[in-house]
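Start at 1 with the first residue, then count along the sequence. Computed from a predicted model, the values in this text were never measured in an experiment. Excluded from the calculations below are hydrogen atoms, water molecules and symmetry mates; all remaining heavy atoms, backbone and side chain alike, are included.
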Amino acid sequence: MSVSAIEHAVTGPQPGPDPTPGDGPATIEVAPYALVRVSALPFPQPAAAAERYRDLMHAAIDCERALTRTAQRLSDELYASRADHSGEYHRTVVLPLRRDVHNRRSPNATVRAGLGELPTRIPQLANWLSIVDQRERLLADLTAQTGPALAADREALAAVCSDERVRRAVALSSASLLSGLQRAAAAGGESDAKTRKAEPKILRHALRVTTKVSPWSWFTTVGWGRWTPAAAGSPDELRGTAVSLPNHVLVTMLLRGVLAMPEYRRGIPHRLAPALTVGDLRVEFQRDESVAVVGFMQVRAQLVRLPRTAALDAVVAELRDAGPAGRTIDQLAAMLAGRLPAGSSRAGAAAAYLGRLADEQLLVPIAPVDPQAADPLPALADWLAGRGGSELARELRTIAEQSRQFAELPATERVPVLDRLADQWRDAFAVTRTERPPDAAVLREDVVCRDRLLLGVSAGSNSRPDLAKVSALAEVFDNAAVMRALLRQRLVQQSGPGGSAPVAEVIGDGEWLWAAGNGIDSDGTVVEMPDGAPPLPPDLVDLARLRREVVAAVRRAPRHGDELELTDDLIDEAVATAPRWLSRRPSSRAYFVQPFQDAEGIGWCLNGVGDGWGRYTSRFLAALGPQLAAAVGRQLREALRDGRPVQYRPTYGFNANLHPRLLADEVGEDPAWANLLATELELVHHQESDTVRLRVIGTGELLNVLYLGFLFPGWLPDRVAPLYLDLGGSLTHFSHLPPAEPVEVRGRTVKRYARLRYRSLVLSRRAWRLDPQSVQDLISDLRHDGDVPARGAVRWAATLGLPPAVFVSSYFARLGNHAAMRAALTDPKPQLVDVPKRQRAADPKPQFVDLASALHLRCLARLLAEHSGPVLIEEALPVPGEAPTGRHATELVVETYLRRG
């Protein structure tokens with residue numbers, strides 16, 4: 001690879017290594033379906049008073065921009081005029097005037113009175129004064145229009161707050177927030193002190209339901225569409241059906257407490273601990289210790305060593321022979337007692353020994369109910385009832401019934417039901433005497449549209465070829481390729497070329513993997529690694545060089561105003577220069593796109609990129625219907641023909657990790673629920689393709705393992721990293737490609753990024769990064785400007801070149817939709833215990849801000865003040881309410897699949 005391969009067009013095919021299996025022509029296909037996510041409510045139509053305020057703001061910003069454009073030239077002309085008048089005049093009139101021009105400030109009466117013939121001698125000054133006066137008139141009109149505009153915005157906010165769907169969603173989140181919405185709805189265009197104090201928070205949730213599409217209760221409806229270019233309709237408002245399920249973290253923690261109770265422990269079948277190996281003197285295994293519960297159960301794996309004894313050998317052999325059925329402690333005790341010398345105490349001694357093994361978690365209880373069951377409580381209640389736990393069984397049946405019925409409840413009935421469910425869960429945990437209920441929501445709710453949608457031109461169907469083209473470039477920037485290359489290096493160092501090792505032994509302590517995985521940034525920067533970290537393998541050094549070359553080439557690409565344009569030649573050259581090992585495994589990506597329309601037609605604006613393979617559809621398949629699960633399964637089997645396709649489905653109590661079994665086989669650690677065990681697999685260096693593959697030890701069969709869950713890699717045990725990284729772990733974005741251009745504001749530098757576009761795709765929006773001190777300057781200007789800071793907003797919008805419609809977020813959101821995943825991969829080792837603190841202190845989620853709305857301006861300083869670090873301001877594209885799909889916010893999750901012939 002060389003710089004010339006990117007800088008100059010190649011004249012013909014370049015020589016390369018001999019072809020290997022999987023080096024045939026690459027094809028990228030777009031899946032025939034897409035997940036559709038639609039906001040519950042449309043963005044409100046502005047009232048006449050709000051439109052008037054908006055027009056005045058736009059005009060004032062235009063005036064401010066005109067003053068900005070002319071400032072330097074006029075200042076130079078005023079400086080050059082010194083020879084045409086006296087020194088006193090220059091000192092008392094021209095110098096103050098130059099300061100006013102520099103600061104875009106209206107001259108005071110003394111300076112204006114002393115101008116004399118200066119505007120005649122410098123026509124640019126007369127024009128500047130006219131614009132200044134026009135701006136002042138506009139700002140005065142804005143002040144007069146503020147009251148009616150605020151009343152109109154509050155009327156629109158009240159209409160949103162009064163909607164039953166919004167109230168249902170908010171009731172699930174917070175009873176106090178529901179009360180705030182009810183007060184705002186009742187206030188209408190008026191507001192008292194209490195309502196005004198809560199207004200920023202109420203506005204945030206109103207914007208959540210009209211401008212964003214993250215699935216959560218009635219905030220968002222999720223549907224399924226197929227591409228039909230001739231379709232005339234568009235996915236605007238969807239008919240939603242709510243589905244409520246118990247929170248699986250509560251189920252998981254309760255079940256753990258039940259299985260620790262003596263009356264159940266002896267009779268439950270047990271299996272061996274994960275990663276168990278028998279040495280000459282010791283038996284080693286891993287014990288998962290719970291360290292926190294934050295929407296899911298976080299564990300830290302501990303390595304445990306026990307001395308090898310004849311009794312322990314017998315227990316291990318018995319459980320390995322037992323297979324999926326396992327053995328109860330009573331059965332194991334009877335087996336051991338039969339091997340002990342005769343005596344009345346041998347049964348007790350065997351039971352006590354096995355109790356200690358269970359305490360050490362060498363013996364792990366087999367889950368009596370399917371961990372992937374959407375609603376496991378009825379089955380768990382039946383199991384308990386059959387073992388004498390009728391009281392707890394009745395409690396769980398009641399919880400299950402009320403959890404299912406919750407989806408149909410109106411907002412007014414939800415809060416008392418949630419309180420009652422919380423009490424019932426506390427009662428259930430009290431029965432176990434070994435666990436305390438975690439501080440977690442009692443249930444989860446999604447809203448789905450079961451109608452099949454037809455996605456046509458208005459949804460952006462014509463952009464699919466462009467997306468396939470760009471997806472080839474995404475291979476260069478995908479961090480999953482880096483992680484797999486590091487696994488290859490690790491395995492070859494341990495076992496030699498063509499070598500293999502059990503899955504759990506390859507990683508060991510995962511700190512080296514997380515540290516080295518961040519050794520290459522998206523722009524090709526090689527990060528200095530800590531002492532003791534392994535050097536980057538040569539293929540990753542080459543990849544870093546290619547990334548730097550591509551970034552440099554993109555920044556030299558054609559530019560139209562504030563828009564950079566990716567060309568076909570640039571993409572083709574980057575793909576042709578990429579090392580073949582990048583795409584020797586099949587890959588799939590999910591692109592989160594929003595349809596927008598401009599002079600060029602309807603296109604897609606990219607919000608983020610994640611793993612494909614049906615991951616983002618899988619969470620909803622059970623609710624959407626079995627036919628869709630079958631369709632996704634067919635897509636996966638077709639794409640994974642170079643090995644046996646297998647799923648890995650851990651839950652750890654996380655509802656978003658529930659997804660149906662789409663393939664025939666499943667790998668896991670519990671033999672009762674997986675037909676392949678992780679201990680039956682090994683990681684092998686496949687020399688023909690020079691990649692790492694998962695292989696069945698007994699048969700030599702190569703696997704393709706899919707992890708479709710949403711728990712990030714750093715939050716799963718290190719021993720299973722080869723499973724979830726086999727085809728997953730994608731972390732890709734394009735926002736690093738546009739250069740950062742400096743903009744001076746109040747002596748500080750704000751970084752501005754151009755829009756990045758390829759044909760009908762906007763890969764990265766125009767954006768502005770404000771460092772923390774610049775954020776404080778902006779907050780200070782806004783707060784100094786009164787309750788509705790129009791003047792400060794006009795000044796900053798004009799100086800930075802902001803459009804009226806923007807999104808404000810933490811800077812790290814620019815890394816894509818998976819900021820949390822990147823955060824998990826940024827630390828050398830994720831600090832699991834600190835996650836609750838990090839979540840409480842998290843910056844606000846991205847929020848839409850209309851800089852021409854009186855209500856939005858009133859709440860802007862409060863929003864900015866809640867950010868702890870750099871702030872990113874991005875253009876809103878599409879502008880809420882102006883998308884080709886209608887006034888509802890609409891996002892599509894479109895999948896691409898890469899295959900090698």
Item to check | Stepwise salt bridge (Lys or Arg N to Asp or Glu O under 4.0 Å) test for E866 and R204 | outcome: CA-CA 12 Å; E866 293 179 1; R204 179 181 305 166; 2.4 Å; yes
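- In this structure, R589 contributes its side chain and V609 its backbone to no donor-acceptor pair below 3.5 Å.
- Remark: L178 CG to R183 CZ distance equals 10.0 Å, nearest 0.5 Å.
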Checklist entry - Should S853 and D153 be marked as a side chain to side chain donor-acceptor pair (under 3.5 Å) after you check the CA-CA gap, both sets of side-chain angles, and the distance that decides it? => result CA-CA 8 Å; S853 160; D153 286 345; 3.0 Å; yes
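- The CZ atom of R154 sits 9.0 Å away from atom OG1 of T195, with the distance rounded to the nearest 0.5 Å.
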Checklist entry - Stepwise, does the side chain to side chain donor-acceptor pair (under 3.5 Å) test hold for S618 with W613? => result CA-CA 9 Å; S618 64; W613 308 114; over 6 Å; no
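- To the nearest 0.5 Å, atoms CG (L663) and CZ (R649) are separated by 10.0 Å.
- In this structure, S461 and L455 approach most closely via the heavy-atom pair CB-O, 4.2 Å.
- Within the 3.5 Å criterion, the main-chain N or O of F429 finds no donor-acceptor partner in the side chain of E435.
- Surrounding CD of E190 are at most 12 heavy atoms belonging to other residues, nucleotides or ligands under 6.0 Å away.
- Formation of a donor-acceptor pair under 3.5 Å by the S244 side chain with backbone atoms of S403 is found in this model.
- The shortest non-hydrogen separation linking L238 to C449 is CB-CB, 3.8 Å.
- Remark: aromatic rings of W227 and Y33 are distant, center separation not under 6.0 Å.
- In this structure, the side chain of S179 engages the main chain of A175 through a donor-acceptor pair within 3.5 Å.
- Residue T252 comes nearest to G653 through the heavy atom pair OG1-CA, 3.3 Å, listed as atom of the first residue, atom of the second, then distance.
- Between the side chain of R168 and the backbone N or O of W218, no donor-acceptor pair lies under 3.5 Å.
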Item to check | H248/L658 under side chain to side chain contact (heavy atoms under 4.5 Å, CB included): CA gap, chis, key distance, verdict | outcome: CA-CA 9 Å; H248 270 242; L658 298 175; 3.4 Å; yes
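- Although no hydrogens or angles enter the test, the distance criterion places a donor-acceptor pair under 3.5 Å between the side chain of R661 and the main chain of A664.
- For the pair S217 and A169, the tightest heavy-atom approach, listed with the atom from each and the gap, is OG-CA, 3.4 Å.
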Item to check | Chi angles and distances behind the salt bridge (Lys or Arg N to Asp or Glu O under 4.0 Å) call for R765, E874 | outcome: CA-CA 6 Å; R765 296 173 172 90; E874 283 187 294; 5.1 Å; no
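- Take A674 and apply the side chain to side chain contact (heavy atoms under 4.5 Å, CB included) test, not counting sequence neighbours, and it matches E666.
- L177 contributes atom CG, which lies 10.0 Å from atom CD of Q182 (distance to the nearest 0.5 angstrom).
- R450 places a side-chain N or O within donor-acceptor distance of the main-chain N or O of A623, the cut-off being under 3.5 Å.
- At a threshold of 4.0 Å, the pair D423-R420 does not count as salt-bridged, since none of the basic side-chain nitrogens sits closer than that to a carboxylate oxygen.
- When the shell of 6.0 Å around CZ of R436 is examined, it contains 12 or fewer heavy atoms from other residues, nucleotides or ligands.
- With H867 contributing its side chain and L872 its backbone, the two residues share no donor-acceptor pair below 3.5 Å.
- Here the side chain of N657 pairs a donor or acceptor atom with the backbone of F710 at under 3.5 angstrom.
- Between the CH2 atom in W604 and the CG atom in L467 there is a gap of 5.5 Å [rounded to 0.5 Å].
- In this view, T211 and F43, L207, F807, F848, P880 satisfy the side chain to side chain contact (heavy atoms under 4.5 Å, CB included) rule, not counting sequence neighbours.
- Using modelled atom types, one finds no donor on one side chain facing an acceptor on the other under 3.5 Å when comparing Y724 with D611.
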Next on the checklist: Between S809 and K845, does the side chain to side chain contact (heavy atoms under 4.5 Å, CB included) criterion hold? Intermediate values first, please.
Outcome noted: CA-CA 6 Å; S809 65; K845 298 293 180 64; over 6 Å; no
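- In this structure, P46 and R887 approach most closely via the heavy-atom pair CD-NH2, 4.4 Å.
- Annotation for E164: atom CD counts as buried by contact number, over 12 foreign heavy atoms lying within 6.0 Å.
- Ion pair E401/R397 not flagged as a salt bridge, since none of the NZ, NE, NH1 or NH2 atoms sits closer than 4.0 Å to an Asp/Glu carboxylate oxygen.
- Residues D665 and Q647 bring no donor and acceptor atom of their side chains to less than 3.5 Å of each other.
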Item to check | Steps toward side chain to side chain contact (heavy atoms under 4.5 Å, CB included) verdict (V879, F596) | outcome: CA-CA 8 Å; V879 174; F596 73 94; over 6 Å; no
Next on the checklist: Under the criterion salt bridge (Lys or Arg N to Asp or Glu O under 4.0 Å), I'd like the reasoning laid out for D192 against K194: C-alpha separation, chi angles, the key distance, then a yes or no.
Outcome noted: CA-CA 6 Å; D192 56 22; K194 189 173 184 180; over 6 Å; no
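- The backbone N or O of S214 lies less than 3.5 Å from a partner atom in the side chain of R208, making a donor-acceptor pair.
- A ring-centre distance under 6.0 Å is found for F296 and W715.
- With contacts defined as side-chain heavy-atom distances shorter than 4.5 Å, the pair L892/L35 does not qualify.
- The CD atom of Q298 sits 8.5 Å away from atom CG of L711, with the distance rounded to the nearest 0.5 Å.
- The two residues A50 and A152 come nearest to each other via the heavy atoms N-CB, 4.1 Å.
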